[in-house]
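Report on the structure given below.
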There are 2 protein chains.
Amino acid sequence: MSNVGGMRIGELAKRAGTTTRALRYYEARGLLPAQRDGNGHRTYDESDLRLLRQIRTLQDFGFGLEETRPFVECLRAGHPAGDSCPASLAVYRAKLDELDGLIGQLRSVREQVAAQLARAEEARAALAAGAEVPGGPEPVCEMTHGGVFE
Amino acid sequence: MSNVGGMRIGELAKRAGTTTRALRYYEARGLLPAQRDGNGHRTYDESDLRLLRQIRTLQDFGFGLEETRPFVECLRAGHPAGDSCPASLAVYRAKLDELDGLIGQLRSVREQVAAQLARAEEARAALAAGAEVPGGPEPVCEMTHGGVFE
DNA sequence: CGTTGCCTTGACGCCGGCGTCAATGTCTAA
DNA sequence: TTAGACATTGACGCCGGCGTCAAGGCAACG
């Protein structure tokens with residue numbers, strides 16, 4: 001059943017498009033344990049590659065490492081896909097909620113910043129117009145005039 | 001011109017809704033320098049409060065400390081508002097771009113996660129339907145059945 | 001026999017914005 | 001006098017996901 005194609009950490013890293021440092025980190029976190037050969041070198045097989053790819057995919061989507069754990073365990077349990085298990089689906093849903101909340105916040109902030117910008121630009125336009133009027137307000141500082149007083 | 005109402009760090013922090021630690025941090029960053037009294041205690045006046053409020057407002061909007069600097073310097077230069085200066089407007093615009101990019105990314109991720117979730121749910125529905133058929137696929141593991149094999 | 005190349009563990013660095021001690025000083029009220 | 005409430009500087013901790021360096025081991029190749 002399990003593939004015999006043992007590879008070492010460098011090769012696995014390359015094939016998954018990541019680094020050996022990351023792999024050791026995953027192992028330290030208990031996310032991707034490795035077999036060892038006679039020299040103490042980590043040994044991985046094809047199924048490890050699948051687990052690792054699952055991790056990487058989720059990471060690229062912005063999932064935290066802990067959030068990938070259910071997917072990895074699901075795969076290790078023999079399921080056809082990392083998201084074949086309820087726990088994985090729960091993570092999906094939680095992430096959707098999180099994203100919705102975040103997107104909402106960011107849009108709100110964006111609106112307010114845009115409003116501030118518009119207001120400030122208008123104020124500056126009003127100032128410029130006032131400057132054209134004889135007896136307009138005195139110049140405010142160097143930053144509004146390109147370092148004249150610098 | 002400058003207000004005589006000298007207060008110490010604790011009071012300023014309270015009035016601005018922040019902490020003394022933050023104020024010392026801002027000073028260390030050169031963002032909000034303070035006068036000292038005979039005992040080496042920091043002394044602030046009302047104008048410092050205005051600067052600090054500008055910083056806090058922007059921070060609440062998600063601006064980094066360095067991004068607040070133009071606003072603070074603008075105020076210190078005597079302008080009526082922190083965003084009366086071109087440099088501040090530039091920060092506004094940069095932030096808008098940043099937010100737009102971020103929001104776009106998050107929406108893209110949201111769509112893909114939603115699609116994955118839909119796909120996975122459909123797959124599970126198909127599995128369940130298959131189980132009802134005589135001679136359906138064998139049960140996959142404990143995670144799909146509530147810990148039967150646990 | 002030396003060099004290259006892969007592997008090992010351990011430990012510190014980074015980023016941002018402070019929180020949280022620790023040890024010490026100063027002023028004030030009872 | 002003593003306690004309490006304020007202040008000071010210095011320094012380490014945190015979070016996440018590694019990067020990067022250090023010091024060493026083992027194998028294969030020329």
Side-chain angles (χ1 to χ4, degrees), chain A residues 5-45 48 51-69 71-72 91 94-95 98 102 109, chain B residues 5-45 48 51-72 91 94-95 98-99 102 109:
Chain A
M7 45 186 159
R8 289 184 301 173
I9 195 170
E11 189 182 345
L12 179 60
K14 247 175 215 163
R15 290 182 64 185
T18 182
T19 67
T20 62
R21 182 65 183 89
L23 295 187
R24 282 188 266 261
Y25 181 68
Y26 299 158
E27 183 174 16
R29 301 279 103 197
L31 202 59
L32 190 62
Q35 304 291 333
R36 302 297 181 119
D37 66 10
N39 297 324
H41 292 164
R42 291 170 178 82
T43 303
Y44 303 90
D45 57 22
D48 289 320
L51 302 189
L52 180 50
R53 283 188 170 143
Q54 175 73 79
I55 295 172
R56 289 271 92 200
T57 299
L58 292 174
Q59 286 271 86
D60 291 346
F61 276 95
F63 287 68
L65 261 193
E66 284 310 314
E67 291 173 330
T68 73
R69 195 179 295 271
F71 294 80
V72 174
V91 172
K95 183 58 70 177
E98 189 188 330
L102 202 47
V109 167
Chain B
M7 43 187 161
R8 289 184 301 173
I9 194 169
E11 191 183 343
L12 179 60
K14 248 175 216 165
R15 290 183 64 184
T18 182
T19 67
T20 63
R21 182 65 182 91
L23 295 188
R24 281 188 265 259
Y25 181 67
Y26 298 158
E27 183 175 16
R29 302 278 105 197
L31 202 58
L32 190 62
Q35 303 294 331
R36 302 298 181 117
D37 66 11
N39 298 323
H41 292 163
R42 290 169 178 83
T43 303
Y44 303 90
D45 56 22
D48 288 321
L51 302 190
L52 180 52
R53 282 188 171 144
Q54 175 74 80
I55 295 173
R56 290 271 92 199
T57 299
L58 292 174
Q59 286 271 88
D60 291 345
F61 277 94
F63 287 67
L65 262 193
E66 284 311 314
E67 291 173 330
T68 73
R69 196 179 293 273
F71 295 79
V72 175
V91 172
K95 184 57 69 177
E98 189 188 329
L99 285 170
L102 202 46
V109 167

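Lettering of chains follows the sequences in order, A, B, ..., and the numbering in each one begins at 1. A quick note: this is a predicted structure, and the numbers were derived from the prediction, not measured.
One finds the CZ atom of B:Arg21 at 10.5 Å from the OH atom of B:Tyr26 (value rounded to the nearest 0.5 Å). A distance of 4.0 Å separates CZ of A:Arg24 from CD1 of A:Ile9, quoted to the nearest 0.5 Å.
For B:Gln35, the CD atom counts as loosely surrounded, since its 6.0 Å shell holds 12 or fewer non-hydrogen atoms of other residues, nucleotides or ligands.
Legend: residues meeting salt bridge (Lys or Arg N to Asp or Glu O under 4.0 Å) with A:Glu98, ordered by chain and number and at least two apart, are A:Lys95. Contacts of B:Arg8 classified as salt bridge (Lys or Arg N to Asp or Glu O under 4.0 Å), with partners at least two apart in sequence or in another chain: none.
You can see that DNA chain C meets the heavy atoms of chain A within a 4.0 Å-exclusive cut from C:dC7 to C:dA11, reading 5' to 3'.
Of all heavy-atom pairs spanning B:Leu51 and B:Val72, the tightest one is CD2-O, 3.9 Å. Heavy-atom minimum distance, A:Gly6 versus A:Thr43: CA-CG2, 4.0 Å. Heavy-atom minimum distance, A:Thr20 versus A:Ala13: N-CB, 3.8 Å.
Residue pairs meeting the side-chain hydrogen bond (donor to acceptor under 3.5 Å, both in side chains) criterion with at least one partner in residues 57-66 of chain B, sequence neighbours excluded, are B:Glu66-B:Arg69.
Between the axis at the start and the axis at the end of the helix from C:dC1-D:dG30 to C:dA30-D:dT1 there is an angle of 40°, using five pairs per end and rounding to 10 degrees.
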What pairs of nitrogen or oxygen atoms, one from the protein and one from nucleotides 4-8 of chain D, lie under 3.5 Å apart?
unit_1, atom_1, unit_2, atom_2, d
D:dA7, OP1, B:Gly10, N, 2.5
D:dT8, OP1, B:Arg42, N, 3.0
D:dT8, OP1, B:Arg42, NH1, 2.7
D:dT8, OP2, B:Arg24, NH1, 2.2
D:dT8, O5', B:Arg42, NH1, 3.4

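In terms of position on DNA chain C, the residue among B:Tyr25 and B:Arg21 whose nearest nucleotide sits closer to the 5' end is B:Tyr25.
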